[in-house]
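Reviewing the structure listed below.
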Amino acid sequence: MKRADALQGALDVLVLKVLASSPGLHGYAIMNRIKVLSDDVLRVEEGSLYPALHRMEEAGLLRAKWVLNQNNRRTRSYRLTAKGQRTLAQEVERWRRVSSAIDGILRST
C-alpha cells in the first residue's frame, strides 16, 4: 500500500490532533509535524492539506488568522474551535475502535 493510501480518510483527524497539541501552526508546519510524529511514514501533500484546512475552517472546526512569521511574511495560523475539539474526541474514539477491529482481524488465524 502506498503512503498516500494510508492517509485516505485520516487527514482531518491528524490535522485536528496536531493542532490540539500545537495550536497556531501554519500549513507547512502541520505537514512537517505529521511527518515527524509518524517517523516519516505519513506525508501530507499541499494539494491535500490546504483544501482540507479550508473545508475544516468552513465547517467551524478550525479558526484561521493571518500572522507575520520570523521573515516578515504573512502565513495563515490555525487553531481548533470548541467544535473542533469535540469532533477530535469523537474521531479519536472512532479511529481507536476501527484500528482495534482491524488489529483483531490481522491477528486471527
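Nothing here was measured: the structure is a model prediction, and the numbers come from that model. Nothing fancy with the numbering, it's 1 onward along the sequence.
From Glu91, atom CD reaches atom CG of Asp12 across 7.5 Å, with rounding to the nearest 0.5 Å. Here OH of Tyr78 is found 9.5 Å from CG of Leu19. Values are rounded to the nearest 0.5 Å. Rounding to the nearest 0.5 Å gives a distance of 8.0 Å between CZ of Arg86 and CD of Gln90. Interatomic distance, OG1 of Thr75 versus CD of Gln70, reported as 9.5 Å (0.5 Å rounding).
Shortest non-hydrogen contact noted between Arg79 and Gly24 is CG-N, 3.8 Å. Shown here for Glu45 and Met31, the closest heavy-atom pair between the two residues is C-SD, 4.0 Å. Residues Ser48 and Pro51 approach most closely at O-CD, 3.6 Å, considering heavy atoms. Of all the heavy atoms in Tyr50 and Tyr28, the pair that sits closest is OH-N, 3.3 Å. The two residues Gly27 and Leu49 have their closest heavy-atom pair at O-CD2, 3.2 Å. Of all the heavy atoms in Arg76 and Trp66, the pair that sits closest is NH1-NE1, 3.2 Å.
The backbone N or O of Ala59 lies less than 3.5 Å from a partner atom in the side chain of Lys83, making a donor-acceptor pair. Judged by distance alone, with hydrogens and angles left aside, the side-chain atoms of Asn69 form a donor-acceptor pair with the main-chain N or O of Asn71 at under 3.5 Å. Looking at Ser21, its side chain does come within 3.5 Å of a backbone N or O of Val18 through a donor-acceptor pair. Checked by atom type and distance alone, the side chain of Thr87 never pairs as donor or acceptor with a backbone atom of Gly84 at under 3.5 Å. No donor-acceptor pair closer than 3.5 Å links the side chain of Ser77 to the backbone N or O of Lys65. Using a distance-only test at 3.5 Å, with no hydrogens or angles considered, a donor-acceptor pair links the side chain of Ser38 to the main chain of Ile34. Between the side chain of Thr81 and the backbone N or O of Gly60 there is at least one donor-acceptor pair closer than 3.5 Å.
Residues Leu53 and Val67 fall into different hydrophobic clusters, defined by Ile, Leu, Val, Met, Phe, Trp and Tyr side chains chained together at heavy-atom separations under 4.5 Å. At a threshold of 4.5 Å between side-chain heavy atoms, the hydrophobic network of Ile, Leu, Val, Met, Phe, Trp and Tyr places Leu80 and Val92 in one connected group. Both Val15 and Val41 belong to a common hydrophobic cluster when Ile, Leu, Val, Met, Phe, Trp and Tyr are linked at side-chain heavy-atom distances under 4.5 angstrom.
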task: Starting from the C-alpha separation in whole Å, work towards a yes-or-no answer on side chain to side chain contact (heavy atoms under 4.5 Å, CB included) for Lys35 and Val44.
output: CA-CA 8 Å; Lys35 178 182 167 188; Val44 179; over 6 Å; no
Test salt bridge (charged side-chain N to carboxylate O under 4.0 Å, His left out) applied to Glu58 and Arg55, step by step: CA-CA 5 Å; Glu58 290 210 345; Arg55 182 177 32 75; over 6 Å; no
query: Does the side chain to side chain contact (heavy atoms under 4.5 Å, CB included) test come out yes or no for Leu14 and Leu37, once each step is laid out?
result: CA-CA 10 Å; Leu14 295 174; Leu37 289 172; over 6 Å; no
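Counting heavy atoms from C-beta on, the side chains of Leu88 and Lys17 come closer than 4.5 Å.
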